Amino acid sequence: MPPPTPNHAILNGLNDAQRRAVTSDAATVAILAGPGSGKTHTLTARVVWLIDHMGIRPEDVIVATFTVKAAREMKERIGKALGNGRENKLILGTFHSVARRYLAAYGRHIGLSQKFGIADAGDSRAIIKRICERLQLAVDPAGALAWISKKKAKGSEAASKSARQQASKVAGLQELETCYREYQKHLETSNLLDYDDLLVSCVDLLRRFPSCVSNIQTVLIDEYQDTNGIQYDLMKLFAQHRLRITTVGDPDQSIYGWRSAEIRNLWKLLREFPETDEISLEENYRSSQSILDLSLQVIKQDQKRYKKILKPTHNKGSRPVLRQLKSASAEADWIVSEIKRVLIMSGTMLTHNDVAILLRSAALSRHIETSLGKAGIPYRMVGGKKFYERPEIRTLVDYLRVIHQPETNDALARILNVPGRGIGDGTIKGLLNEAETSSLSVWAVLSKHCRGDRTAKTKIPKPTEQRLSGGLLRPLNDIRRQIGEASGPNGTPFGLVEMINQLLAKLDFQKHLQKAYPDPEDHAQRWANVQEFLGLAAEFVRDMDRSEEDFLPEIEGLAQTREVEALPRFLANVSLAADAQTKGDGEETQPVVTISTIHAAKGLEWPIVFVPAVYDGSIPHTRADDGDEERRLLYVAMTRAQSLLYLSCPLFSANGNGERNKLSPFVDPVKDSFMKKGPCLDRPVMSEIARILRRKLPPEESIYKGIPAMFSLEDNLFPVDPEEAKQEPKHGFGRGDSRLGEDASRAKRPRLHGPTAGPDNGEEVAWKQYTTTMEQASTFTVAAAALPGFMNVGAHQAAITAANVAAQATQKVEKNKPATNKRPPDQKSIMGFVRTKSGSARLPESPPQPKPNNPAPARSAFGIQPQAAPAQQAIAPDLAGHKLGAGKLMTRPSVPSEEGMVRKQYACFSSSPPRPAAAEDAQHEENSAADPEDDNEPPPEPTRPAACLHLTTSALPKGFGGGLRRPLGLGRENITPIQRLRKPFKPLTMSRP
DNA sequence: CCCACTGTTATTTTT
DNA sequence: TAACAGTGGG
């Protein structure tokens, strides 16, 4: 079978390390990728490579990501590179959604009912709560839930540890276990799986029926540092037949420890598969050098951290800002003023789309939303409350769940009295208990009662019974009947949308909302949400018809259940937060500022990033128990920024009685490295920004023309030292009265221009609440659609150069190189740390040996001979000659996309392709002078040479760096990447057998 | 037993 | 500031 047209173009935007990662023939490949190093890009390219070059069928590839957004993003980008809609055949999604897919198809082999439902967080909470109440358990329901979840998430790793942990946690253990048991029992009887169970059951399935995945050729895992124990198991099980696994991750960006993510999975993988090809991506294509420097200052406070390198490829840029403000609302106002200032000073180069405000917790958004609203700046909030968690949507979903599965007691219990039917808490509890004891579902109890077959023990007054029967049982039965009728052989299926519409009509839902939310604004908004929900359903149905997604390839000899109905799939989709892509084409062109939680911002980038509330208690969150993880969180936030980074901190806590905030301990030690106020945005500064972003700065005159009268060109509307300026009685007010205090402070602060000024109140309503719609939330990724393909011309250029150089390098190397993709004997792995056990945690002695980067294996692990790469790529000559001058503004060349239209250059996602190293020498000098961390560090103690630090640089024969423009990624050769690596990571505790 | 009202409290991050 | 528990009137 000849492989389909090899798509070598995919290699073009890649630097050397990336290319090696993409084309590695090793069975297991571990890619260590710092922020902005083109991680997603690389993984995407590898998928394409494996399919187009290695001839693997898309349906035999599993790509698992950690978040929904990452999955969507990945799919979109793979789709673009792969073409023909082949990305739809990939088994691609979050771990949870992939697991669900397998369970839906094969679940019955392990005794799972055809139509299991998914218990979301709310369900789980309610169930546990009821159990605790019923059994009089003294445990805290939330804690119990967390405990159970942890237990499930541990996976096979649990065995070794559990003994010790159990000993330490004797208190309440008994009760916890009881709770666990009861909880599982409840889930089972109501035919539900919770999030963790999806994984647990899938592990069970694949252990017992390995043939389910017998077709799987290769498995790729994104954000590997965030996988937990059970996901590790799952990964191996997915790959159990060929054991070809590619992982991408960055320990510094591990921010999901609270969800039992195990950074140690990285080492575990390497230990288990010693042949793993370790590759690290070190060039950062995202941020200015000073942003990287400071981020590094922060992250390196973690002594236990595994040190990696991050090589800036951009110029210095302006120093990040750390601003102290008086209060949270002053902070918000200041952010607004800075946004305005920067955008105006950029002429038209920057828009609201280029700005993100990243928060530790969603709740911090309030002041900011208010200020943005006042200033008339459009924004969208990402993360935080989910669309489907809004009460009105939740209710509808619960109705749908009950329609689908009448025995879902928990959902039924929630809608029993919505709209109001005169049934109170007592009755509901009574019914639930009755159902439990009589092993009937609540639905059955009610049905029988109303039909008169069996009288419920719970007292139900006659009128209530009528309402129940007429308003709940009958309508739902009607709808259910229509589903049954219509899915007959000839009928068009009863549409999901039609179903919801009928439901709305039968419940008189709009009236219900009007009654339940008397405020007209409020209920109108909620009704709008309902409409949006409808739109979402419509979208879902359309998508479903169009793509084969969700189906697994047929496996011979193994019966599969095909989920053909819309309803169950829609429900699963809702539970797994896999919000459908609402529109996105054409509409929503208005640029908006993004407010996001830091967690939700992972993997994204913006030219301008604000990180407010960097005070102790917020960024190491009071309730967080892993300070290092909080630090990493800050690191993630900071490294989202491309050219301007602002941290800020209100001096006094907003809600408390004038409590003073302490600057975050992560920031405090390096606070002097920040500027105290926003940079002067004069021409040179703006040019630097333009250069980093590869955009064109409008001419000076046109910028100045756009500046309104009396506009402040400096960041001087707020005192740099709020200490001096505060003498308001603000903190004397009781906390109910904070409004007074705020108004007072507003009056005092210098006025902003534009719609900001003026007395408030009255306008406040509009943006107060529910500004986030599902549509907005789900179009969050839309900017990515505007990405240029995988490369621009500069990248082409670099790639060609690189290809030539690499080709020559490889030739030389090949001779004395063993023809495997194993690490050469002179190299040690990141595993060196693990193997060197011993408490003193010292490093292996052997001196670092550079490793040629491109071993060309004679025998591929895939058993397919890679084709020789074509010597040249076709590229338009006029484009290929494009050069970047050191002093000149960079104009990013327009790359015609497939449709022949020129794409916008803004990219929300980290896809910036490598740029040719042009001004690098000049920049380099700056570097070494200004960067204490960097090159001038005294030679480190002997370090283990890391395979993971493939020595791109030294692989390059001397002389190639010189006259020739260095291809990207063949960076500054005087850094030995190894030098930075002296870090015993914690897993020294992990001893080898 | 239900419902409306009032005072209290606790506030992460996501599948 | 929102969700929640407790209280008093139907």
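Keep in mind the model is a prediction, meaning the values are calculated, not measured. Naming: A, B, ... by sequence-line order, numbering from 1 per chain.
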In whole Å, I'd like the distance from the [atom1] atom of [X] to the [atom2] atom of [N].
X	N	atom1	atom2	answer
A:I619	B:dT13	CD1	C1'	10 Å
A:R101	B:dT15	CZ	P	16 Å
A:K150	B:dT15	NZ	C1'	15 Å
A:D616	B:dT12	CG	C1'	15 Å
A:I118	B:dT14	CD1	C1'	14 Å
A:D194	B:dT14	CG	P	18 Å
A:K457	B:dC1	NZ	P	14 Å
A:L199	B:dT14	CG	C1'	13 Å

Give me the one residue out of A:T67, A:I263, A:T227 that meets side-chain contact (heavy atoms from CB on, under 4.5 Å) with A:Y256. A:T67
Ignoring backbone atoms, test whether A:T597 places a side-chain nitrogen or oxygen under 4.0 Å from the OP1 or OP2 oxygen of B:dT14. yes
Short side-chain N/O contact from A:K429 to OP1 or OP2 of B:dC1, under 4.0 Å: no
May I ask whether A:H96 stacks on the base of B:dT15, given the cut-offs of 5.5 Å between ring centres and 30° between planes? no
[X], nearest nucleotide to its side chain (from [options]):
X	options	answer
A:R366	B:dT14, C:dT1, C:dA5	C:dT1
A:A362	B:dT14, B:dT13, B:dT15	B:dT13
A:L576	B:dT15, B:dT14, B:dT12	B:dT15
A:R360	B:dT15, B:dT12, B:dT14	B:dT12
A:A121	B:dT12, B:dT15, B:dT14	B:dT15
A:Y256	C:dT1, B:dT14, B:dT15	B:dT14
A:R623	B:dT12, B:dT15, B:dT14	B:dT12
A:T94	B:dT15, B:dT14, B:dC3	B:dT15

Could you measure between the two C1' atoms, the one in B:dT13 and the one in C:dC4, and give it in whole Å? 23 Å
Classify [X] by what it touches in the nucleic acid, base, sugar-phosphate, or nothing, heavy-atom distance under 4.0 Å.
X	result
A:F95	nothing
A:K152	nothing
A:S618	nothing

Does the distance from a Lys or Arg side-chain N to an Asp or Glu carboxylate O, for A:D302 and A:R305, drop under 4.0 Å? no
Between A:Q253 (side chain only) and A:K602 (backbone N and O only), is there a donor and an acceptor less than 3.5 Å apart? no
Is it the case that the side chain of A:D222 and the backbone of A:A64 share a donor-acceptor pair, with hydrogens and angles ignored and the cut-off at 3.5 Å? no
Any non-hydrogen side-chain atom of A:S596 less than 4.5 Å from a side-chain atom of A:L358? yes
Using heavy-atom distances to pick each residue's nearest nucleotide on DNA chain B, tell me which of A:Y195 and A:K459 is more 5'. A:K459
Between A:R421 and A:T67, which is nearer to the 5' end of DNA chain B once each is assigned its nearest nucleotide? A:R421
More than 12 non-hydrogen atoms from neighbouring residues, nucleotides or ligands closer than 6.0 Å to CZ on A:R421, yes or no? yes
